[in-house]
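Everything numeric here is computed off the predicted structure, so don't read it as measured data.
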Amino acid sequence: MDGYDFRSIEDRWRSFWEQAGLYRTGTRPGAEPFYCLDFFPYPSGSGLSVGHCRNYIPTDVISRKKRMSGFNVLHPMGWDAFGQPAEEYAIKTGVHPSVVTAANTDTYRRQMKLIECSYDWDREINSSSPEYYRWTQAFFLLLYDRGLAYMDESDQMWCPSCRIVLSNEESAGGVCWRCSGEVTRKRLRQWFFRITAYADRLLADLDGLDWPEGIKAMQRNWIGRSEGAEVDFVVELPAGGTSVLPVYTTRLDTIYGATFCVIAPEHPDLERFCTPDRLKSVRDYAELARSRTDRERTLAAERDKTGVFTGASAVNPFSGERIPVWVSDYVLAGYGTAAIMAVPAHDERDHAFARKFGIPIREVIAPGGVPRGVEEAATVADGMLMDSGPFTGLDSAAAREAMASSAEEKGYGRKAMRYRIRDWLVSRQRYWGAPVPMIHCPACGIVPDRDLPVTLPDMESYEPDETGRSPLARADSWVRTKCPDCGGDALRDTNTMAGFACSSWYFLRFASPKYADGPFDPEAVRYWLPVDLYVGGAEHAVMHLLYARFWTKVMYDAGMVDFQEPFRVLLNQGMLLGADHQKMSKSRGNVVTPDDMVQKYGVDALRLYILFMGPFEAELEWSEEGIAGTYRFLRRVWNIVVETQAAPLLPRDADFEKDLKYQLARTVRKVTQDIDTFQFNTGVAAMMEFVNFLAANREEAGTCLQVWREALRDLLVMMAPMTPFISEELGRRCGFTTGDASIHTMPWPEWVESDLVRQSVELAVQVAGKVRARIDVPVDATEDEVRSAALSLDRIREILGGAEPKRVLVVPGRLVNIIP
RNA sequence: GCCGGAGUGGCGGAAUGGCAGACGCGGUGGACUCAAAAUCCACUGUCCGAAAGGGCGUGAGGGUUCGACUCCCUCCUCCGGCACCA
């Protein structure tokens, strides 16, 4: 007998499956569709590590099992190929980014084929090809035509080390999502997508999604809906006259406690509010605030609030009181009205500011009717209003309603709702992206270029510059063009789109990747979409996943698709750490590649270990002893199958046959359920238990060879999605498949319910909740029979010492608990 | 601070109201071998005990229950995310 030689098996079956077209997208008429999608990978230069396998292998197992269960499966792969690393490399070496990208995608594809991911490679797409990005550009125009794309000049997040503007999502926490460097501001004219117009729908529709709670929570938090009121304070201008200063608050109930107002250093009315004697210090302060990074501002202000009095006063419309207007960087320019009423008694930040600058603190809320004192710290809780004019005595919630209505009536305020989310800054001053298909005409203004694709010109150098000008601006002959409207001389927009634009619709392209009359064939999309299962890392929680939801809703509104949410079920694989408990990285030298592992243990052992090592969503550490273990398991399977599949016949053993059927049925049930629920680790454990059972009873194989062979067949079929090579090879050796047939097209096994019925069952007998004995009883024994059987056990009689038990609980099929 | 998730043997983990530690790794002993590797068999939470058996045990404390890793309350720790959003 020959042993388990994974190399020769891999060689043999790879080409066989390739020729058979095993992984082609399902086309069986009448079959249910199943669209199983991995996050769109950016093909980096370092290739795949075993960490990536935690994404691709589980979705591959699901896809394979769905095919075996009769579904038409769409399981595609493609490349999010525009992006910075290839461009940086091009800047350094002069090699065109497309060349670098092609090399990287070749590596990814080779490695994915190496671990035998069952992608339909005929549907491969690449977001940097003109056949793809012409449609990305078409979507830009769709957004533009629907009033959802606009240009605006303002202070934008700027990463000095990447030399690129960032969206709010990409600069969360004041840190660049790609390089983790601190973000500064730069005043630039940029393209935006009006995602804020969809904030309410993006929030509301989260409720219906089968997504991890954490991801939904992050999106809710990011969208950040808040309900409050806008109130107009009137500022007396030093130059004479007045100006309205609207402030946004969620705590209108505290307005009688407002003792000052604060405006952001970037507030447009800042200098108008200043008295001449204050102007210089206010200017200096605003200048200082602007020069610091957001992170510096935040960190500094957490320690110590800063600010300057403007010299102006504002009138509180509720009390008629005049209060000072300050400027401070703890008020953000981009949120609300960039101005607040400050209530130091009931807001921690205002409290800190008031204490520092000696501003009065006036208590107006008494939680539970009891004033808590506000000298030392703010009282943030709701409560009963005090010293609040006609509203005194009301509860906070009621007061907010009453005060908003009253303000509305009198015309100096209104209920208001705010979202934290900002519009999506989508233009980038980079070469390697989809050009914004717009033309700037001196006569007609900004005009869409509908002659798509607007292709990237070839260039000598790709260097961006510090001013935030795109390298495309230097492609003179490309930039100079004619206005599509008036035919006069005009200039192309030199911005490209952020990579997240490309990945906001790619899942639609896979339905009909070669379709030339539009971004997708509507019929194919109707059949395949929305995505049934979407799997990738949690790092895209509020970037890609939010943008893609936004685009989908726009397409829905445009009548292009009939669904509002693109991804029905979302799962995040856990991170895979190195054996040293650190994140795998080149610099730490702890990266493990699939190539090395396949070389040492084979594809099947790698796949099985990835599935077995722990729960799918858990963060886990790589262990080479672990993969050695799954390799040993496969060798055990090999040996037991090869040795017993044609065992010499022995006299029939009906008891064993029944037991074998029982073990098989419970394994099939467990493995089926565990794969369906993404609990691969326990599914593999169940297969291991079953193999242990077979190994322990290998001498019995001949007593019921037919059933034994059925058990081997079902085992191999169940293993097939996880370990495709050994399953195919052993299936062939056993004669379960012949000729052109493959184990991968065999139907998924079903368990026989009646095989799970046993004649007797072992119960634990507890006394006061502690197990003291075990007892075998017939499954159909009545409670009374079980009770008396348990009580008549010697061991139990001994413990009870002749006393009558107070109570006896029988839990059928489980245990007996005797309370003495 | 807020939101989300998690705390179980030497290690990865299993069990979602019913026999805690499945399965795997590691370890110990044995078989095979001249020897080693590989393989196979047995044992492997902890304490007491020669054994039978018993005590303790799922981050801590309380509660509900005949019975709690599982449900409820309070707290601690770790991981991830957000964080002056008024």
Per atom distances to the A:R632 side chain, the nearest of B:A86, B:C19, B:C25 is B:C25

Any strand, both distances under 3.5 Å, Watson-Crick or G-U wobble: B:C2 pairs with B:G81

Pairing partner of B:G12, by Watson-Crick or G-U wobble and under 3.5 Å for both distances, is B:C23

How are the rings of A:Y4 and A:W638 set to each other: parallel, tilted or perpendicular (split at 30° and 60°)? tilted

Requested in this report: Verify the contact: side-chain N or O of A:R635 to OP1 or OP2 of B:U39, cut-off strictly under 4.0 Å; return yes or no.
Outcome: yes

Exercise for the section: May I ask you to verify if any side-chain N or O of A:R251 is less than 4.0 angstrom from the OP1 or OP2 atom of B:A86? Expected result: no

_Interatomic distance at C1', B:C76 relative to B:U65, whole Å_ = 26 Å

* With rounding to whole Å, what would you report as the distance between B:U8 and B:C78 at their C1' atoms? -> 15 Å

A:L206 CG to B:G4 P, in whole Å, measures 14 Å

Q: Before accepting this row, confirm whether a basic side-chain N of the pair A:R772/A:E798 lies closer than 4.0 Å to the acidic partner's carboxylate O.
A: no

Under 4.0 Å, heavy atoms only, any strand: does A:E762 hit a base, just the sugar-phosphate, or nothing? base

Check your understanding: Would you say A:K216 reaches B:G81's phosphate, i.e. side-chain N/O to OP1/OP2 under 4.0 Å?
Key -> no

>> Considering every strand and a 4.0 Å limit on heavy-atom distances, what is the contact class for A:R420: base, sugar-phosphate, or nothing?
In response: base

Q.
Between B:G7 and B:G17, how far apart are the two P atoms, rounded to whole Å?
A. 16 Å

Here the distance between atom P of B:A86 and atom OH of A:Y419, to the nearest Å, is 13 Å

Exercise. Verify ring pair (Phe, Tyr, Trp, His ring centres under 6.0 Å) between A:F633 and A:F612, making sure each step is shown before the conclusion.
Key: CA-CA 12 Å; A:F633 167 74; A:F612 179 62; 8.4 Å; no

Note to self: Regarding A:R795, tell me which of base, sugar-phosphate or nothing describes its non-hydrogen contacts under 4.0 Å with the strands shown.
What the structure shows: sugar-phosphate

Reckon A:R636 has a side-chain N or O less than 4.0 Å from the OP1 or OP2 of B:U39? no

Checking N1-N3 plus N6-O4 or O6-N4 for Watson-Crick, or N1-O2 and O6-N3 for wobble, each under 3.5 Å, the partner of B:A42 is B:U28

Any strand, both distances under 3.5 Å, Watson-Crick or G-U wobble: B:G18 pairs with B:C66

Query - Between B:U39 and B:C79 - P atom distance, rounded Å - result: 38 Å

query = Between A:W424 and A:F500, does a ring pair (Phe, Tyr, Trp, His ring centres under 6.0 Å) hold up when you go through it step by step?
reply = CA-CA 10 Å; A:W424 172 11; A:F500 286 116; 7.5 Å; no

(Q) Mind checking if A:L332 touches a base, just sugar-phosphate, or nothing, with heavy atoms under 4.0 Å? (A) base

When both distances are under 3.5 Å in a Watson-Crick or G-U wobble arrangement, the nucleotide paired with B:A51 is none

Comparing nearest nucleotides in RNA chain B, the 5'-proximal residue of the pair A:E619, A:G626 is A:E619

Note to self: Regarding A:E401 and A:K415, does a basic nitrogen lie under 4.0 Å from an acidic carboxylate oxygen?
What the structure shows: yes

Fill in: Axial cation check for A:Y662 ring with A:R758, 6.0 Å and 45° limits
yes

